[in-house]
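Keep in mind the model is a prediction, meaning the values are calculated, not measured. Protein chains get the first letters and strands the later ones, always in sequence-line order, with residue 1 at the start of each.
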Amino acid sequence: MSTTEIDRQWTTRLRRRAAGKLPPEKLLPDTQPAYVSSWIYVFGVTTLAALVVVIVSGCILALEGPQWWHSSNIGHFVNSTHLWSVEIFFFAMIVHLWGKFFMGAWRGGRTLTWMTGCVTFFASILAGFTGYVSQTNFDSQWISTQSKDGINATGGGSFFNVLNLGQMLMWHIVILPIAAIALTGMHVLLVRIKGVVPPFEKDTEIAR
Amino acid sequence: MGWIGSIIPLDNLGHYLHWHFILISVSNLIVIGLMIVTFVAALLLPFPGRSRRKENQ
Ligand code: HEM
């Protein structure tokens, strides 16, 4: 094969693009700018850590099934771990969102980072919602019957039926986790590609 | 875990605050309050290692 042919291969082009945009030392850096040493920068990783616990505990629930998590002690414990890691996930995500909002962290070509964050937030709310309506208890019955009118009024009910337990469970354990993980992956890679946004003062210094 | 029930009454209906069109459960209000406290604390509390790094600059 000639060099030009190799140059034109999609594997070659993709590798060069990826390595140019995100070289290993940018993907896994050993130092960060001085302004990153503040607690407010910890909440993105806290959200990420909570998400890992959510996914792992959810996988254990899926392996064992509802009889197990409704009746055994360990089952109750893993069920609670799943709920409480979700609580920490949302808590940390909101503080993270506030932090990034007041930093104006979409500056300097970071629009996609902000937007993937927003869409992840929306996907997580749907994941939380479908989780609540999958509980098969009075709580889930109440939530689904209350929300069906709102969702049907938007027309969404034609393909998203909150009273359909099978559909809600599948969204909760297949579609939405895939969406949340993919979006979070994109989000974090974008942060690495762009680097941490400088504070407002630094930004004007650079502009000057 | 029975001791939790002895401090917080868990058997009655949830408490709600109602002010004009705003209706919120006390538990949700507490969580929002905790998030605000955490946010302010994250801005104000010193981060370990910060001063050391400044000297190096
Ligand atoms: C699954 C939820 C999320 C995870 C796991 C996550 C994770 C992260 C991590 C690890 C960082 C880098 C460290 C940091 O500055 O904290 C980051 C940065 C960022 N996040 Fe998120 N995030 C999530 C949701 C959101 C949401 C809801 C928003 C706002 C709508 C958002 C906006 C941003 C922005 C703009 C940055 C870039 C900050 C910069 O360049 O300095 N994120 N995120």
Here the gap from I94(A) atom CD1 to L34(B) atom CG, rounded to the nearest 0.5 Å, amounts to 13.5 Å
Closest approach of F47(B) and V42(A), non-hydrogen atoms and distance?
CE1-CG2, 3.9 Å
Say you draw a straight line from CE of M35(B) to CZ of F43(A); how long is it, rounded to the nearest 0.5 Å?
11.5 Å
How would you list, in number order, the residues of residues 36-43 of chain B that have a heavy atom less than 4.5 Å from chain A?
I36(B), T38(B), F39(B), A42(B), L43(B)
Side chain to side chain contact (heavy atoms under 4.5 Å, CB included) against L163(A), all qualifying residues, sequence neighbours excluded:
S144(A), T145(A), K148(A), N161(A)
By side-chain hydrogen bond (donor to acceptor under 3.5 Å, both in side chains), which residues pair with T113(A), not counting sequence neighbours?
none
Residue by residue, which of residues 95-105 of chain A have a heavy atom closer than 4.5 Å to a heavy atom belonging to chain B?
V95(A), W98(A), G99(A), F102(A)
CZ (F129(A)) with more than 12 external heavy atoms under 6.0 Å
yes
Got more than 12 heavy atoms from elsewhere within 6.0 Å of NZ, K26(A)?
yes
Looking only at heavy atoms, the pair that brings W39(A) and P48(B) closest together is CZ2-CD, 3.5 Å
Taking atom CG of N73(A) as the centre, does the number of heavy atoms from other residues, nucleotides or ligands within less than 6.0 Å exceed 12?
no
